[in-house]
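One structure below.
Heavy atoms only: backbone and side chains are in, while hydrogens, waters and symmetry mates are out.
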Amino acid sequence: MEIPILYEDNHLLIVEKPINVPVQEDRSKDQDLLTILKQDLKMRYNKPGNVYLSLVHRLDRPVGGAIILAKTSKAASRMADILRKRELERKYLAIVRGKVASRNGTLEHYLQKDRRKNEVLVVHPNAENAKKALLHYRVLGQKDKLSLIEVRLVTGRSHQIRVQLSAIGNPLFGDQLYGKRINNVGQQIALWAYELSFIHPVKKERITVQSNPPKKFPWNIWNKHIIKNEI
């Protein structure tokens, strides 16, 4: 499996994760991103023994786009600190069902994860294990009962974007977990990790990478030129 590299140096590896590939080994035993990239580094650099590579953050299996991995424990530790301080800027493109009520907005919910069902619920702030979820969004276009929006994550909760957009009545196109009443089985979730921006943990310079979604339905409703110029 060929994984496009968006940025690489001695400390970090940023790649474009393919859709439907788990970021690390899970119960499915399908090929996972971390294992593929470790094998690639071992071959490309003729490294003996085990290769160090660590996920800085995660993407849900059906979601594609830009993701960061650390090539050293030093970089991993510093990137974890950047993530904790919310200094990693993460932007996503999402296509949702329906017309979004406001063209710009901030969503704040409290989420609780049901690990048995692998499902996240919106709950009261005082509920047990409730975690605050915050994101900003802006609508880039609307067509054919669908809306294209840009999402900027503030927190990074499990299934956060999917749950919060569903909670306001605009589930993601193709999301059969949080939009099963409106989406059809087999449809691909329209959520893409579009942009990452942060200060390099070692070089101390700003790194910004972008990854464009695939040129197929429903993304091709809005062509690449429109997406680029709206963002």
Pairing residues for Lys29 by the salt bridge (charged side-chain N to carboxylate O under 4.0 Å, His left out) criterion, not counting sequence neighbours: Glu25

Residues, nucleotides or ligands: over 12 heavy atoms within 6.0 Å of Glu205 CD: yes

Backbone of Asn126 reached by a side-chain donor or acceptor of His124 within 3.5 Å: yes

Main-chain N/O of Thr155 paired to Arg86 side chain as donor or acceptor, under 3.5 Å: no

Min side-chain heavy-atom separation Ile82-Ile199 under 4.5 Å: no

Test item: Met79 and Leu83 side chains (from C-beta on) under 4.5 Å apart, heavy atoms: no

Rounded distance [0.5 Å steps], CD in Gln164 versus CD in Glu108: 8.5 Å

Flag side-chain contact, heavy atom, 4.5 Å: Pro62 against Asn20: yes

Electrostatic pair Arg84:Asp81 at N-O distance under 4.0 angstrom: yes

Trp219 (side chain) donor-acceptor with Ile95 (main chain) under 3.5 angstrom: no

Where at least one partner belongs to residues 143-166, residue pairs that pass ring-ring contact (aromatic ring centres under 6.0 Å, His included), sequence neighbours excluded: His159-Tyr178

pair Gln160-Lys131: side-chain heavy atoms closer than 4.5 Å: no

Selection residues 6-16 - residue pairs positive for salt bridge (Lys or Arg N to Asp or Glu O under 4.0 Å), sequence neighbours left out: Glu8-Arg44, Glu8-Lys71, Asp9-Lys203

